[in-house]
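For reference, the structure discussed in these notes is given below.
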Amino acid sequence: MTTLQSVPALGTHPASGSLPSRAETREQLSKATYDLLVIGGGILGISTAWHAAQSGLRVALVDAGDFAGATSSASSKLLHGGLRYLQTGAVKLVAENHFERRAVSRQVAPHLANPLTFYLPVYKGGPHGAAKLGAGVFAYSALSAFGDGVGHVISPARAQRDVPELRTDNLKAVAVYGDDQMNDARMALMTVRAAVDAGAVVLNHAAVTGLRFTKGRVTGAELEDRQDGTEFGVDARLVLNATGPWVDHLRKLEDPNAAPSIRLSKGAHLVLKRTRPWKAALATPIDKYRITFALPWEDMLLLGTTDEEYEGDPADVAVTEKDTAQILDEAAFSVRDHQLSRDLITYSFAGLRVLPGGPGNTSKAKRETVVTEGRGGMLSVAGGKWTTFRHIGRTVMNKLAELPGHPLGEDMEPIARLPRKLPLPGIANPNAVAHRLLVDGGTPGPRMSADTARHLATHYGSLSFDIARLANENPALGERIHPDAPEIWAQVAYARDREWAETADDVLRRRTTLTIRGLATDDVRSKVEDMLAEGR
């Protein structure tokens with residue numbers, strides 16, 4: 001392999017197209033007073049920062065870990081209307097979800113989302129009959145204005161042509177509907193870029209160690225840079241607590257007597273190698289309320305999810321043997337055994353759904369977004385789901401505008417006046433981008449392979465051309481990181497210099513797909529760490 005030693009950073013100043021250094025960002029955060037400090041770099045905090053910056057506010061965003069480093073990169077990777085919500089009669093909610101899903105996948109981020117056909121198998125003795133599910137998928141598609149076709153029922157033989165590992169024993173029929181899929185970590189990262197493009201200042205791996213108060217009001221935060229231990233602070237007129245599973249921890253820093261506001265539900269997933277290509281996903285009913293998914297994703301198969309109450313430390317959430325057994329057992333309802341061999345598992349992950357506090361089964365709880373104001377004036381936002389991330393950002397902005405005394409309202413552009421479907425960076429037709437990369441990407445370097453071109457196009461959109469230029473300028477960066485994955489070394493340099501990657505996990509788990517493919521070997525990790533160090 002061509003040496004990767006001494007691959008230079010792209011630059012250390014925005015004028016060169018690269019990011020400011022961490023020291024420069026800390027200084028910028030320390031010297032200004034921001035209108036809004038968002039604590040938490042999951043998709044709720046990121047979306048709010050994006051909308052707030054669009055509204056003309058001076059915005060800062062910090063996270064103790066990486067952007068989308070916890071729950072927001074541990075989802076089922078779906079943008080969906082929520083078929084199961086029809087069970088509870090939540091017709092309006094499904095219609096709203098469909099609106100947001102279509103907006104993201106068609107206008108906001110068509111380069112990061114792709115349509116996916118779902119097959120809902122109806123087995124003899126199952127919780128639902130064919131007529132009921134047929135009517136359900138028809139109603140579901142109607143609430144989407146039939147934008148993904150008309151929900152209908154097909155024969156088992158027809159379904160097995162698209163899903164070769166479909167279990168056909170006692171299979172009576174298969175209901176069909178459409179939703180969308182994404183890589184959640186990439187979608188979150190592009191939203192961070194959008195927030196920065198709108199003027200926000202962001203820093204990951206910066207942990208809050210305390211809050212700043214002025215006459216009893218929360219007016220900022222004390223932070224520690226987890227990369228080098230530097231302590232600094234940020235002043236803000238208003239602080240938003242968007243820390244997801246940690247939301248009550250931060251509320252207690254504001255008010256030690258704050259009562260719990262949320263409960264947590266753990267969702268685990270498995271990633272497996274596919275034995276054969278799949279052209280559709282399976283959504284298999286387990287009982288009246290729960291569905292288990294088998295999703296073709298990133299050339300792999302994604303299985304899950306579980307749903308059980310979680311009361312431990314959010315930092316300790318992990319996939320257990322019990323989770324693995326449950327996911328495989330439930331998948332076996334509709335997937336053939338040889339596709340479910342444990343030898344095929346490449347990765348597993350677990351995340352925590354944030355639900356409103358209260359009694360009841362977590363699998364029946366509504367995924368509501370709750371915005372509350374503490375005694376020190378800090379706003380806390382929790383809950384919601386990936387599909388409606390833009391709507392949640394607008395909801396929080398409306399709450400900011402309505403605060404007593406209007407502390408920010410006079411300086412904000414009303415959310416209703418902002419573009420409703422502003423696209424994320426890199427927006428482009430991924431097929432056109434892939435074609436251009438294949439035609440032009442090898443000049444003057446070696447010809448780019450088809451799978452690499454397709455991967456870049458569907459994870460970066462038109463920003464892929466920046467990565468191709470790096471590979472052209474330095475042929476070593478055009479080589480694959482691992483022979484069994486489409487990613488190239490230029491993506492590591494790009495992640496380091498333009499996507500806030502600080503650690504090997506930032507690169508291997510969230511900027512690329514090496515970890516989920518089971519290809520983050522010690523050798524790969526070591527070389528990634530060397531490249532990251534060269535940019536510091």
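Numbering of residues begins at 1 and proceeds along the displayed sequence. Owing to the predicted nature of the structure, the values given are computational and were not obtained by experimental measurement.
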Quiz item: Should the ring pair Phe138 and Phe146 be called parallel, tilted or perpendicular, given that the plane angle runs from 0 to 90° and is split at 30 and 60?
Solution: tilted
Quiz prompt | Asp466 bridged to Arg498 by N-O distance under 4.0 Å | solution = yes
Exercise. Decide, yes or no, whether a salt bridge links Arg353 with Asp307 under the criterion of side-chain N to carboxylate O below 4.0 Å.
Key: yes
Quiz item: Using 30° and 60° as the class limits, which term best fits the ring planes of Phe349 and His269: parallel, tilted or perpendicular?
Solution: parallel
Quiz item: Between Glu487 and Arg480, does at least one N-O distance fall below 4.0 Å, as a salt bridge requires?
Solution: no
Quiz item: Distance only, no hydrogens: is a donor on one side chain within 3.5 Å (strictly under) of an acceptor on the other, for His459 and Glu298?
Solution: yes
Practice problem: Give, for atom OG1 of Thr387 and atom CG of Leu79, the distance between the pair rounded to the nearest 0.5 Å. | Solution: 5.0 Å
Practice problem: Would you kindly check if the NZ (Lys) or CZ (Arg) of Lys124 is within the cone defined by 45 degrees around the ring axis of Phe333 and under 6.0 Å from the six-membered ring centre? | Solution: no
Practice problem: Can you label the angle between the Phe67 ring and the Trp500 ring as parallel, tilted or perpendicular, going by 30° and 60°? | Solution: perpendicular
Quiz item: Rounded to the nearest 0.5 Å, how far apart are CH2 of Trp386 and CZ of Arg101?
Solution: 16.0 Å
Exercise. Go through the side-chain N and O atoms of Ser141 and Ser144 and say whether any donor and acceptor fall under 3.5 Å apart.
Key: no
Exercise. Using distance alone, with no hydrogens and no angle criterion, decide if Ser265 and Glu308 have a side-chain donor and acceptor under 3.5 Å apart.
Key: no
Self-check item: Geometric cation-pi criterion, Arg84 with Tyr289: 6.0 Å, 45°
Solution: no
Quiz item: Got a salt bridge between Arg290 and Glu330, using NZ or NE/NH1/NH2 to carboxylate O under 4.0 Å?
Solution: yes
Quiz item: Quick one: do Asp66 and Arg510 make a salt bridge, cutoff under 4.0 Å?
Solution: yes
